[in-house]
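Here is the structure we will look at, set down as structure tokens.
Predicted model only: the values in this text are computed from it and were never measured. The analysis underlying the following values was restricted to heavy atoms, covering all of them including side chains, and did not include hydrogens, waters or symmetry mates.
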Amino acid sequence: MWKRCPSTACAVSTSTDQDAGPAPGPAFDPDRPYRCSPSVALRPEPFGALVYHFGTRKLSFLKTPQLLSTVQALADQPDVHAALAAAGVAADQRPAYLRALAGLAASGTIEERT
């Protein structure tokens, strides 16, 4: 007889309910100050960085060194726009970086400073 481990439960749902799942957190506002969450460890790599969230136990990636520089600059800058400038992100690339940072905020990798 096999004992089922909770971690082997089905990870895929066939539900078509788009409202299922946790409610979204506060909206990402690049005019506000942010920081890397204290629950997150960053490990720089040639491609960008490995990101480990100790709370959720999820491993993810920062796909460019410049995105890593931006995340690291967040704690020392008055807002996200200033962190992008400090990391040397070109104006034409900023919309893509803002989308990436919004995703990092939604996942809890970065959080608003208070």
Side-chain angles (χ1 to χ4, degrees):
M1 176 182 258
W2 291 90
K3 184 174 182 180
R4 184 175 185 168
C5 178
S7 67
T8 61
C10 181
V12 178
S13 173
T14 57
S15 172
T16 58
D17 183 7
Q18 296 298 320
D19 294 325
F28 175 70
D29 182 358
D31 294 324
R32 307 280 305 152
Y34 280 78
R35 66 177 183 174
C36 188
S37 169
S39 298
V40 168
L42 299 173
R43 187 173 93 186
E45 296 287 343
F47 60 81
L50 292 173
V51 179
Y52 183 75
H53 194 293
F54 291 97
T56 62
R57 298 171 57 187
K58 289 186 178 181
L59 180 65
S60 55
F61 305 91
L62 300 181
K63 295 182 180 181
T64 68
Q66 204 165 29
L67 183 55
L68 171 61
S69 296
T70 302
V71 170
Q72 291 172 325
L74 288 171
D76 299 324
Q77 299 300 323
D79 59 32
V80 174
H81 300 291
L84 290 167
V89 177
D92 63 331
Q93 294 179 329
R94 290 188 182 186
Y97 276 76
L98 288 171
R99 285 190 301 275
L101 291 165
L104 293 174
S107 71
T109 301
I110 62 172
E111 62 187 24
E112 191 172 342
R113 285 192 330 251
T114 54

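- For P33 against P78, the heavy-atom pair with the smallest separation is CB-O, 3.5 Å.
- Remark: E45 engages R43 in a salt bridge, criterion side-chain N to carboxylate O under 4.0 Å.
- The heavy-atom pair separating F54 from A41 by the smallest distance is CE1-CB, 3.6 Å.
- The side-chain heavy atoms of V40 and I110, taken from C-beta on, include no pair separated by under 4.5 Å.
- Side-chain contact between D79 and P30 is absent, with no heavy-atom pair separated by less than 4.5 Å.
- Between A86 and Q77 the shortest heavy-atom distance is CB-NE2, 3.8 Å.
- At least one side-chain heavy atom of L101 sits less than 4.5 Å from a side-chain heavy atom of V71.
- Residues L104 and V51 are not in side-chain contact: their nearest non-hydrogen atoms beyond the backbone lie 4.5 Å or more apart.
- Side-chain contact check for Y97 and T64: at least one donor-acceptor pair (N or O, by modelled atom type) lies under 3.5 Å.
- Remark: S107 OG to H53 NE2 distance equals 7.0 Å, nearest 0.5 Å.
- The closest side-chain heavy-atom distance from E112 to R35 is not below 4.5 Å.
- Hydrophobic cluster membership differs between L74 and Y52, with clusters built from Ile, Leu, Val, Met, Phe, Trp and Tyr side chains linked at under 4.5 angstrom.
- Note that CG of L42 and OG of S37 are 10.0 Å apart. Values are rounded to the nearest 0.5 Å.
- With values rounded to the nearest 0.5 angstrom, E111 atom CD is found 8.5 Å from C36 atom SG.
- In plain terms, the two heavy atoms of Q66 and G88 that are nearest each other are NE2-O, 2.7 Å.
- Nearest heavy-atom pair, Y34 versus V80, reported as atom, atom and distance to 0.1 Å: CD1-CG2, 3.5 Å.
- The CG atom of L67 lies 11.0 Å from the CD atom of Q93; values are rounded to the nearest 0.5 Å.
- When all heavy atoms of H81 and L98 are compared, the pair lying nearest together is CE1-CD1, 4.4 Å.
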